[in-house]
2 protein chains.
Amino acid sequence: MTVTLADVAARARVSPATVSRVLNGNYPVAEATRERVLRAVDELDYVLNGPASALAAATSDLVGVLVNDIADPFFGIMASAAQSAIGESATGRGGGEKLAVVCNTGGSAERELTYLTLLQRQRAAAVILMGGSLEDPEHLAATAGKLTKLAEAGTRVVLCGRPPTPGDASAAALVFDNRTGARRLTEHLLGLGHRRIGYVAGPADRTTTRHRLEGHRDALAAAGVAEGPTVHGPYDRASGHGAAAELLARDPHLTAVVAANDTVALGVCAALRERGLSLPGDVSVAGFDDLPFSVDAVPALTTVRLPLHETGARAGRLAMGAEEPPAGGVERVPGELVVRGSTGAPRG
Amino acid sequence: MTVTLADVAARARVSPATVSRVLNGNYPVAEATRERVLRAVDELDYVLNGPASALAAATSDLVGVLVNDIADPFFGIMASAAQSAIGESATGRGGGEKLAVVCNTGGSAERELTYLTLLQRQRAAAVILMGGSLEDPEHLAATAGKLTKLAEAGTRVVLCGRPPTPGDASAAALVFDNRTGARRLTEHLLGLGHRRIGYVAGPADRTTTRHRLEGHRDALAAAGVAEGPTVHGPYDRASGHGAAAELLARDPHLTAVVAANDTVALGVCAALRERGLSLPGDVSVAGFDDLPFSVDAVPALTTVRLPLHETGARAGRLAMGAEEPPAGGVERVPGELVVRGSTGAPRG
DNA sequence: CCAAGGATAGAAAGCGCTTTCCATCGGAGG
DNA sequence: CCTCCGATGGAAAGCGCTTTCTATCCTTGG
């Protein structure tokens, strides 16, 4: 049978209460006793029963990190940073280590809710939601309700790269200023002289997609330039690859393409090159996010750098209560335009 | 206060036992009763208390997925596939959904052990360890002990892309045939006529690093070609970038460089290009893994494709007991040489 | 030398659920 | 019409821990 706390107590010739106190370290225990207990723990190879502990204490040391796509470095980087931050600020009950776990929603509203419920079941200490959300009103309402309930139950809720859900004020939010970033990017292209700019957007109905597209349109409108063709698709390489052809079909005279993110931009570049077009000579291409591989693309990608690592780390600290939430609950995180070789002046 | 099962029972005018049975569905309950209970659950917005449930039933629905670096698509892809597979084979107690959680060890032996203990605490249903392990004997022994204990406690253990730990026969293992893959890759280079080949290896003391390096050496030895310079470093872009200079310093006449993986290869390419060398004209470069961006590199990367997605999915199914473990517990997963533009015949 | 108070440790009551017996009820078979 | 059995539902005993409330013991001050 498994070793229980009572076994340890018997072996150390103390009461279970004392063992618990030694393990949780939030109550004075004489040094000699403590050592005796620890020795017993060691000798018996005792492992605390998490569920029992969580049940009695009414909280667990689980911290959930929900991401849209774990295979996407955008999320991987943020999640990794958050996880490190959580590991470092071990301020749990009794200074206990938190178990940061990342859950892959695949961008599905349904799975997001499922995970949220599961985490609620587990009485998670905190939940971080990363990445833009679906803008379906029904889903939004369901999510807001869940988050409110979570917060009421004492779970800290942090949004990272995701706007606060209307109707839910329970969460601290770190939101990327996608709109301004996208505007800067398109302004850059306009400044170079481009007037026919195609746009490969992310999936429709997502906040990130919409904000970036709005920024792009803002810039065009401010400059009085007509909007070029736009294609929607997932945030992956194939999407960009397919969209490039579509864009060119809709306007053969495009001189620039802005992509929803760097991964998509890479697909666009590949498709363009396959058609014999040179970059940026024939067509300029820009991305978003500045993922690690973007600097190594050929030509290197012009993009908007988001402080993924730092923001993820902050989210982790917020989840641990190791950092004060921003005033008003929401903080806008700016992106930075990074101009590299993939954009240049149009020919002629 | 939170709603408990007893509240639901009261509302549905049945006993707590009946509610539990409806929720777990492993005992006959009359249709009318079941509906009454479900309605009560709905009306009260009841959420099962995970810890309490896990305590009473002595298992939880947590499945841990340990990865070395969550920001690396190599792991992201496998983890994502595993998580999907786990979600699909919902065969838990009462068909309950499993909570697949991924934990980032950062390649640290210590954190790996910490996570394993935490998962053991939670009485996880299964644990998947992804990626090569550290070959430190002490760590290996500690891990083997942990895994054995986990298995004894009823937790299914699956290794994915990681050789079985000596002294622990409790786990099913899916291991990539890194050695053969690496051999094929170097044979390809030798076949093109390369005789001075540099090698950028992963971190020392890791199984993956060693196996790939061995395969490389196998090929050289079989062809009677002297080994070129080798540099070790982490599996990231910066490592490749720095290593390229080092390699060239050690042998200015290199005609090819083999990298530990595609990410590293990208760094190598960048550094080479910065020095004004053309690819593959002056130097051929090869990677490993065939990550999504590899086909879009310029020139496209010659590499060894590993069935990351499929293997991750199989690991997930094994963890759920939805697939028979391989005979003997270990299965070798082959890689496939993919020749693309980054390798060519050496000049002259 | 005695009372008071701080420092430790123990007793015991749950935490919310699962599950093993049992009890009950209605109908089939004799 | 009575017995027996299958189908259902309830009672209650934990699962292993935390934590409040007490009990003790030793030290300290008067």
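Lettering follows sequence order; numbering is per chain, from 1.
One can place CG of B:Leu44 at 15 Å from P of C:dG16, the figure rounded to the nearest angstrom. Rounded to an integer number of Å, the gap from B:Asn26 CG to C:dT18 P is 9 Å. Computed from coordinates, the A:Leu5 CG to C:dG10 P distance equals 12 Å when rounded to whole Å. Per the geometry, CZ belonging to A:Arg121 stands 10 Å off P belonging to C:dC17, to the nearest Å. Straight-line distance from the CG atom of B:Leu48 to the P atom of C:dC15: 17 Å, rounded to whole Å. For the pair A:Arg13 CZ and C:dG10 C1', the computed distance is 15 Å after rounding to whole Å. A:Asn49 places its CG atom 16 Å from the P atom of C:dC17, with the value rounded to the nearest Å. Protein atom CG of B:Asp61 is 14 Å distant from nucleotide atom C1' of C:dT18, rounded to whole Å.
Between B:Val8 and B:Val3, some side-chain heavy-atom pair lies under the 4.5 Å cut-off. B:Glu112 is listed as a side-chain neighbour of B:Leu66, based on a closest heavy-atom distance under 4.5 Å.
For the OP1/OP2 pair of C:dT18 and a distance below 4.0 Å, the side-chain nitrogens and oxygens of B:Ser53 include at least one atom meeting the criterion. At D:dG10, one or more side-chain N or O atoms of B:Ser15 fall inside 4.0 Å of OP1 or OP2 (strictly under the cut-off). Taking only side-chain nitrogens and oxygens, B:Asn24 comes nearer than 4.0 Å to OP1 or OP2 of C:dT18. A sub-4.0 Å separation between OP1 or OP2 of C:dG10 and a side-chain N or O of A:Thr18 is present.
Counting any heavy atom pair closer than 4.0 Å across all strands shown, A:Ala17 reaches a base atom. Within 4.0 Å (heavy atoms only), B:Val29 reaches sugar-phosphate atoms of the nucleic acid but no base atom. A:Ser20 comes within 4.0 angstrom of a nucleotide base, judged by non-hydrogen atoms across all strands.
With hydrogens and angles ignored, a donor-acceptor pair closer than 3.5 Å exists between the side chain of B:Arg21 and the base of C:dT20. Within 3.5 Å, no donor on the side chain of A:Tyr27 pairs with an acceptor on the base of C:dA7, nor the reverse. Side-chain atoms of B:Tyr46 stay outside donor-acceptor range of the base of C:dG16, with no qualifying N/O pair under 3.5 Å.
If B:Leu55 and B:Ala30 are placed on DNA chain D by their nearest nucleotide, the residue sitting closer to the 5' end is B:Ala30.
Residue A:Glu135 places its CD atom among more than 12 non-hydrogen atoms of other residues, nucleotides or ligands, all under 6.0 Å distant. More than 12 heavy atoms of other residues, nucleotides or ligands lie within 6.0 Å of CD in A:Glu31, so this atom counts as buried by the packing criterion. Within 6.0 Å of CD on A:Glu43 lie more than 12 heavy atoms contributed by other residues, nucleotides or ligands.
Minimum atom distance to the side chain of B:Ala57 is reached by C:dT18, of the listed C:dT18, C:dC17, D:dG16.
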